[in-house]
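Following: one structure in structure tokens, then a few remarks.
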Amino acid sequence: GVSHVLTLVLQELSLLCKRDVNGVGTLYDLLRSRWLQALLKIYECLQHYLGKRPVPVTLQARALNREVAELLREAPQCGEIRELRRLLRAPHFKAALLSAHDAVAQKDFEPTLPPLPDNIPENEEAMRIVCLVKNNQPLGATIKRHELTGDITVARVIHGGLADRSGLLYAGDKLVEVNGVPVEGLEPEQVINIL
């Protein structure tokens, strides 16, 4: 993917850096930067997600169920058709399964981010929105209160942990909000409980 191409470009640039070609050192440092590596990792994850995203066959499974039940009512009756009609009419199938399917199929679970303003000042700090899904595993990072500013920051990222494998969190990153809850004024212990 993109990371493999970047690796090849970095190999070529390292040869040019040794020959001291103008601007190649800067380009080499840029392509090796952690933020670009993280951005490429995010891009590849999104591409992988978009390629494997399940698409429902129909948005209205309950309506399709009614159509099938009507067709079965008109069909010649045998044991299998009676059994299928009984299953399709069962409350747990109609109400729970098909309703859940329709609710999920009709929703767009893509993240929606507000548009960036056109007039961002040059000295404005950059902010990243990071989404990590833990699934009963620890985050693999510790947090602390910054001594001077009082901000909650990432103290360290534990090698091999979820935060490290994602490449999205770094020591020194300021936490602004966690799971939609602003962390300003909270104690680190309170933030840990939100995590």
CD (E177) and CD1 (I194) are apart, to the nearest 0.5 Å, by 10.0 Å
Ignoring hydrogens and geometry, is there a side-chain-to-backbone donor-acceptor pair from T153 to A155 under 3.5 Å?
-> no
The single option from R85, E67, E80 that satisfies side chain to side chain contact (heavy atoms under 4.5 Å, CB included) with L72 is R85
Looking only at heavy atoms, the pair that brings I158 and A141 closest together is CD1-N, 4.2 Å
Spacing of CG belonging to L132 relative to CG belonging to L169, to within rounding of 0.5 Å | 5.5 Å
Examine distances only and state if a side-chain atom of Q77 and a backbone atom of A75 form a donor-acceptor pair shorter than 3.5 Å.
-> yes
Less than 4.5 Å apart, any side-chain heavy atom of V176 and any of V183?
-> no
Linking I/L/V/M/F/W/Y whenever their side-chain heavy atoms sit closer than 4.5 Å, directly or via other members, would L71 and L84 fall into one cluster?
-> no
State which residues pass side chain to side chain donor-acceptor pair (under 3.5 Å) with R165; sequence neighbours excluded, sorted by chain then number.
-> Q137
Under the salt bridge (charged side-chain N to carboxylate O under 4.0 Å, His left out) test, residues paired with E83 that sit two or more places apart = R86
Below 4.5 Å, heavy atoms only, C-beta onward: do I192 and I143 meet side chain to side chain?
-> yes
Is there a side-chain contact between L175 and V154 (heavy atoms, below 4.5 Å)?
-> yes
Could you give me the CA-CA distance, side-chain angles and deciding distance for V191 and V178, then say whether side chain to side chain contact (heavy atoms under 4.5 Å, CB included) is met?
-> CA-CA 8 Å; V191 176; V178 175; 4.1 Å; yes
Can you pull the salt bridge (Lys or Arg N to Asp or Glu O under 4.0 Å) pairs that have at least one residue in residues 145-159, sequence neighbours excluded?
-> R145-E187, D151-K174
For residues L162 and P138, determine if any side-chain heavy atom of one lies less than 4.5 Å from a side-chain heavy atom of the other.
-> no
Measure from the side-chain N and O atoms of D173 to the backbone N and O of Y170, and report whether any donor-acceptor pair falls under 3.5 Å.
-> yes
Is a side-chain N or O of S166 found less than 3.5 angstrom from the main chain of A163, in a donor-acceptor match?
-> yes
